[in-house]
Amino acid sequence: MGQVLKLLVQRIALGLLLLLLVSLLVFVGTEILPGDVAQSILGQAATPTSLANLREELGLNEPAPLRYLSWLGGVLTGDLGTALSNGQDITTQIGLRLGNTLFLAFWAAVVAVPLAILLGLLAVRYRNRWPDKLISGLTLASISLPEFFTGYVLIFFFAVKLRWFPSVATVYDSMSLLEKLNAIALPIAVLVMVVLAHMMRMTRAAILNVMQSAYIETAELKGLSPFKVIFRHAFPNAVAPIVNVVMLNLAYLVVGVVVVEVIFVYPGMGQYLVDHVSKRDVPVVQACGLIFAAVYIGLNLVADIVSIVTNPRLRHPK
Amino acid sequence: MSKELEYFSKKVARGLMDRRAFMGRAAALGVSSTMATGILATAVHAQGPVKGGILKAGLQGASSSDSQDPGTWASDYTTNLGHIWGECLVEVDPTGEIEPRLAESVEASADAKTWSFRIRDGVEFHNGKTLTADDVVATMERHSNEESKSGALGIMTGIDRVVADGQNVIFELSTPNADLPYLISDFHLVIQPGGGKDDPAAGIGTGPYRLVEDQVGVRAVGEKFANYWDGDNRGHADQVETIALNDPTARLAALQSGQVDMINRVEPKVVDLIKRVPGITVQNVAGRGHYVFIMHCNTEPFANNDLRLALKYAINRQELVDKILQGYGSMGNDFPINGSYPLFSDDIEQRTYDPDKAAFHYKQSGHDGPIVLRTSDVAFPGAVDATQLFQQSAAAAGINIEVKREPGDGYWSDVWNVQPFSASYWSGRPVQDQMYSTAYLSSADWNDTRFFRDDFDQLILSARAELDNDKRREIYREAAMIVRDEGGVIVPMFNDFVEATGPRVGGWFKDPNFGFMNNRAIVKCWVES
């Protein structure tokens, strides 16, 4: 177990260093973009006087490295600052948005992950026969269609024609859980269709790989049912690669769903980030960038640890 | 047939018959559902406002960086939301007259240099405070003082001093201005308690609804304010909701699925499809907004008026109205004014596509080689297509336009008002003076055509001080001719505001001042039970 702990500490330290680099890159990136936040806020209505007033008030006249350092100081003391464009506290705003994003990602994962693994197992059980081909065909087709297309098709049939689900997935506090789930039913469906294929194919490939081993043959010769062989004997040894790809897709569900958010008007992090990038609102972009990077790094860390814990050879190296 | 239908429609309006039954009767009488909806809407309007219910509007233009500070409003979403809780001193009504709101009367001195607004008695803010002249003075101050970053700063510059005198607020101007009330109707100038100096984004005003929930860039809810002073005419629904729907397809889907009752900015290309959907009414009105191609009059090759004229004759206006606006608009005449403005002269000859004249003036100019025209998706809806159509019609006259497509990000800071020839738009102003002083006077901040003409400036300033409307009309005609024949702006088209309402909405009327019934559809419309 000491091995795992050491790795954990190492990884977290590296992760923090990565986050620092990410924040630097994001800052430089937003500095390179044309225009600044004052120009973006005032838009076509800007006059030289109002521009100068706004720049002064927002502290944009200070040199860039100084602004970066003062932001960094704030973050290290747990203060993400306030948004330049509307003066709102970033921590509370992100809290709301991140909560929404995680809510959507969670329910999409609850549906997608078990479904993908189950379909993967079924595909192995009936490999190269029609159920396998049907599952692969359908999931590959659904991943090949762009998200906005699937989204609009679902809206047309289920929101406009049948009126089963709302087309606008706006959720807010006063809604009950059931109402919220009803509101996000369509975006969940789209997300599931997008992530299903990747996880399903990986499950299938990983298990098939294990199925070549001699001990599987032994299990089959003992007379175990095919599904039991797959689930009890092959699956545990294929967990590591499956967890890897599951984590990758979970990360996608958190950080990569901006298109779905726009189509279904879901108030998540993606939309929040895009709004503020177009306003050149550096502190918010920084904060979002940090959170997204942290999610990626964190989930990858989990994947590594799971693969070590499930593999005795890695747990007890010679 | 229509008599029977009329009878039934009145029954529905009085709540004695439900809509479904009505549509059934209408179908039995062989009337199309679109027509039946129209008949019903008229009957419901005649019946007068219905109180109660929840009215939901799906609006474009929201962003999670929005604020309730009126000085920052620039988008449809913020402005419409702002007017549920806030009000201005005066408004411009659909006929172009000044409608008193928080000011119950307005008077000017004979030289139009001193204006007095009498503040209405007994108006209450949502925080319980009573509206006073001091609140008005403080509001004006906040939008015009040295530190102001308000969007209204530009229009406040001609005002020297604002003082309270009992229940009156006196505006003293540096130069005479017969249109001052129109400037004060600007949507940024919402009166806030104490001028909003303590907390400009508090969302507290005198409007019909209290802001009870505001999820920035997502959704906001207003609840009826019990002590609202004008409850008979505005604020009919018990609760109103604005939902941020920036994606055009999402807006339409939400209206079609009944999740919102009204939406703004329907794309012209889908209007004909929407019209066929039962229960949905397309609301369009000719406005003052227009799309433009701007040339800098002080930059070669555009410093040559023959070249400017060549380009003006080389654009096919009718084609642009047909293909870019799908007919929802009208041709422009190279000056920024149309029939929606007061004091418009309709006897000015319409300039049309004329490749021969274009070729003639192009030859006169002596210019040779490609002319770079910068465009972008954000310049106006369909700007890139419009630019390419312009390129083709100009090519027929032997003029070589090189289209340079710019990214939407940064277009307003790096291309518009910077590059000598680019696509852009103007949303129009309530009066001619304001449009010209915003973008055509030599001293204007947004003189985006770099048009410096002393005689033109003199005309506009003299019209401003003139209280005789016939004389003003004559002056504006002269000014229009100068811009049309010598200015740097190409105005191919004025765009309509195209919006849509669902089956429950009553009280919608045409208002050319601005989209969504001058940003007040939510407080003026009602929902049927």
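In the text below, chain A, chain B and the rest are named by the order of the sequence lines, each starting its count at 1.
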J.: Given that the side chain runs from C-beta out, which part of B:Gln68 has a heavy atom under 4.5 Å from chain A: side chain, backbone, both or neither?
T.: neither
J.: Considering only heavy atoms, which portion of B:Val216 lies under 4.5 Å from any heavy atom of chain A: side chain, backbone, both, or neither?
T.: both
J.: What is the minimum heavy-atom distance between B:Gln215 and A:Asn100, and which atoms define it?
T.: NE2-ND2, 4.3 Å
J.: Can you measure from OG (A:Ser167) to CD (B:Gln256) and round to the nearest 0.5 angstrom?
T.: 9.0 Å
J.: Could you pull out the closest heavy-atom pair between B:Ala250 and A:Val265, with the gap in Å?
T.: CB-CG2, 3.9 Å
J.: Is the shortest side-chain heavy-atom distance between B:Ser64 and A:His276 below 4.5 Å?
T.: yes
J.: May I ask you to decide if A:Val168's main-chain N or O and B:Gln259's side chain share a donor-acceptor pair within less than 3.5 Å?
T.: yes
J.: Rounded to the nearest 0.5 Å, how far apart are OG of B:Ser63 and OH of A:Tyr272?
T.: 10.0 Å
J.: Is the count of non-hydrogen atoms from other residues, nucleotides or ligands lying under 6.0 Å from A:Lys180 atom NZ greater than 12?
T.: yes
J.: Less than 4.5 Å apart, any side-chain heavy atom of A:Val262 and any of B:Asn246?
T.: no
J.: Heavy-atom distances under 4.5 Å only: say whether B:Ala253 touches chain A with side chain, backbone, both or neither.
T.: both
J.: What part of B:Leu255 lies closer than 4.5 angstrom to a heavy atom of chain A: side chain, backbone, both or neither?
T.: neither
J.: If you count heavy atoms of other groups shown closer than 6.0 angstrom to NZ of B:Lys197, is the number above 12?
T.: yes
J.: Looking only at non-hydrogen atoms, find the nearest pair between A:Arg97 and B:Val218 and report the distance.
T.: NH2-CG2, 3.3 Å
J.: Starting at CD1 of A:Ile263, measure out to OG1 of B:Thr249 and round the result to the nearest 0.5 Å.
T.: 8.5 Å
J.: Which is it for A:Tyr152 and B:Asp247 under the side chain to side chain contact (heavy atoms under 4.5 Å, CB included) test, yes or no, and what are the steps along the way?
T.: CA-CA 12 Å; A:Tyr152 285 144; B:Asp247 183 53; 2.6 Å; yes
J.: Within a reach of under 6.0 Å around CG of A:Leu76, are more than 12 heavy atoms found that belong to other residues, nucleotides or ligands?
T.: yes
